[in-house]
Amino acid sequence: VDTILLVVLVVGGTALLSWPLGRYLTWAMDPAPEAGPRRRALDRLFERTAGRPGQQQQGWKRYVLAMLAFNAVMFVVAFACMALQPWLPLNPDGKGAVEASLLFHTIASFTSNTDLQHYSGEATMSYMSQLFSLMWLQFVSAATGMAALAALARALAGRKDMGNFFVDVQRATFLVLLPLALVVAVLFAFGGAPMTLAGAATATTLEGARQVIARGPVAAFVAIKQLGTDGGGFFGPNSTHPFENPTFWTNGLSMICILLIPMASVWMFGRMVRRIRHAAAVFTVMLVLLLGNVAGAAHFERAPTEAFASIAPVEQVAGNYEGKEMRFGAPSGSGPLWSVLTTSTSNGSVGAMHDSLNPMAGLMPMIGMWLNATFGGVGVGMINMFIYIVIAVFIAGMMVGRTPEYLNRRVESREMKLAILTVVIHGFFILVGTALFAATPWGQHTVGNWGPHGFSEILYEFSSAGANNGSGFAGLGNNTVPWNVATGLVMLLNRYIPIILPLAIGGSLSAKRTTAQSAGTLSVQDTTFGVVLGATILLVGALTFFPAAALGPIAEHLLFMR
Amino acid sequence: MLDLLYLLLGLVTFGALACLTHAVDRPERD
């Protein structure tokens, strides 16, 4: 009952909050022509700030090239800032240079909104690197995702131009992410998260030992990490650390923030394409899949862990206690719920040890990353869902023998090729990477467990990188040159290709003539559409990833079956 | 020095993505 109540409060409460926020996102990202003078003045300011490139409307290709150029500059600036950290200020604890491959991996990770971490922040990063490399990237990478969704929505609304990337990224940063992050950071600070630029504190324990306690500007970092579906922790243990997530209440607040903007993005999309009932259908499909995943994780986590099976005095009456923070409640409650929310939304912060989840409960976060559209990342979750919608309307159209249409435009060969390519690339990088590392010492020598669980560790790592998630299964010694280079490249490629190709589809669709709706047109806002879309997502996901799941978590589950 | 090589690797990746964008924009041949 506790678990159900927690799910209803967190998921249901966030769904309610997402409606007004969706309205605000639309106001911020796509102001109506009749918007008031203050709103228009803000846009003029953003255009002036962007200089000449901010003055012109962009087609899909120019929009994408602007996004890539901006992100490449972000990459270089953040890279330089972190590379020079021993010589830059805000380094009270004297942090040294970051190893080159780890540096590449970390900057690729935060630029791509993944925030997969092969380091512990408290041991590796100066405050300068945490704030001006990592936290800055957490804002602008999330803003990039929101800008891309706004551009796609404009194309699908039939506009010839997709807007201007440089203006959109400022709208997302200054009108959405900064104000929200300020409010949430204050709440976290009141909840007990430190917010200081002073160096580590030194304490003397009762035994007389000297203990160094790392701290820093944590509240600000955690706020955007959760809101921007970034997920990178200030400390190595992420949100299991008592400074990042001090209480039951900050735990609830974190989970709400993880879901909030991804949910609101769906409503923003619906408002921008002027099909709010279509958005409601998509939102429902996402919600049903998410709740199914949560139910699976909570169910499988009610069983005790096999790790304690041979330890007689350990009683696990309420489920799997391993790797859980008991201050957040029952082991089958917050831990599995957070693990699914953080992976379904491409957030990647962790509130429990994912490596310690029971095998089938550990499969659920992987499913969230494989589908990557059950709300998904800020902006990009809805873009991923758009690809599934294109495939679903194509399949439905073929079944009834009509040319498929989406929002009154025909989906034809070019759009389908690009949609299939997007889906294939997502699976390709995850599965080929897993196979390569499972077959070579690059992966074999780094796993923390043998057999199916070791395979799951490798599979999870590539799934996390490929889905731009950033959570870790842990148990893996992944700060090596092969891991840093391979997952660094996967994160960059799997971040931008699934933005480039959908925007190309959007550009292609917007250039077509609209077709009149007829009795044979597939409705995209009723139950039939919802069922077809849900089935398409599950089928594509199962066909791509089931064999890998069978080798990892499912095989491990069967090994322990009594 | 090694840092610069990794920086170059990142920039080459962004360059490859820009090339992909150009390739996708090319009209299809029947």
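Each chain gets a letter, A, B and so on, in the order the sequences are listed, and its residues count up from 1.
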Would you find more than 12 non-hydrogen atoms of other residues, nucleotides or ligands less than 6.0 Å from A:Y119 atom OH? yes
B:V24/A:K61 under side-chain contact (heavy atoms from CB on, under 4.5 Å): CA gap, chis, key distance, verdict: CA-CA 9 Å; B:V24 169; A:K61 188 177 163 188; over 6 Å; no
Could you tell me which portion of A:A108 (side chain, backbone, both or neither) has an atom closer than 4.5 angstrom to a non-hydrogen atom of chain B? neither
For A:W136, I'd like to know if atom CH2 has over 12 heavy atoms of other residues, nucleotides or ligands within 6.0 Å. yes
Who wins among B:G15, B:A16, B:A18 for the most heavy-atom pairs under 4.5 Å with chain A? B:A18
Part of A:L103 lying under 4.5 Å from any heavy atom of chain B: side chain
Once you measure the plane-to-plane angle for A:F75 and B:F14, does it fall in the parallel (<30°), tilted (30-60°) or perpendicular (>60°) bin? perpendicular
A:L418, part contacting chain B, at a heavy-atom distance under 4.5 Å: side chain
Would you give the length of the straight line joining atom CZ of A:R62 to atom CG of B:D25, rounded to the nearest 0.5 angstrom? 12.0 Å
Should A:F79 and B:Y6 be marked as a ring-ring contact (aromatic ring centres under 6.0 Å, His included) after you check the CA-CA gap, both sets of side-chain angles, and the distance that decides it? CA-CA 10 Å; A:F79 194 102; B:Y6 279 108; 7.9 Å; no
Under 4.5 Å heavy-atom distance to chain B, tell me which part of A:V76 shows up: side chain, backbone, both or neither. both
Heavy-atom pairs under 4.5 Å with chain A: which of B:L5, B:L7, B:L2 has the most? B:L7
Any side-chain heavy atom of A:V98 within less than 4.5 Å of one from B:D3? no
Value rounded to 0.5 Å, distance of CG in A:L492 from OG1 in B:T13: 5.5 Å
For A:V73, is it the side chain, the backbone, both, or neither that has a heavy atom closer than 4.5 Å to a heavy atom of chain B? neither
At a heavy-atom separation under 4.5 Å, does A:I500 approach chain B through its side chain, its backbone, both, or neither? side chain
Using a cut-off of under 4.5 Å on heavy-atom pairs, state which of B:L11, B:L9, B:L4 scores highest against chain A. B:L9
So which part of A:S101 gets closer than 4.5 Å to some heavy atom of chain B, the side chain, the backbone, both or neither? both
Would you compute the distance between atom CG of A:L501 and atom CG of B:L20 and round it to the nearest 0.5 angstrom? 6.0 Å
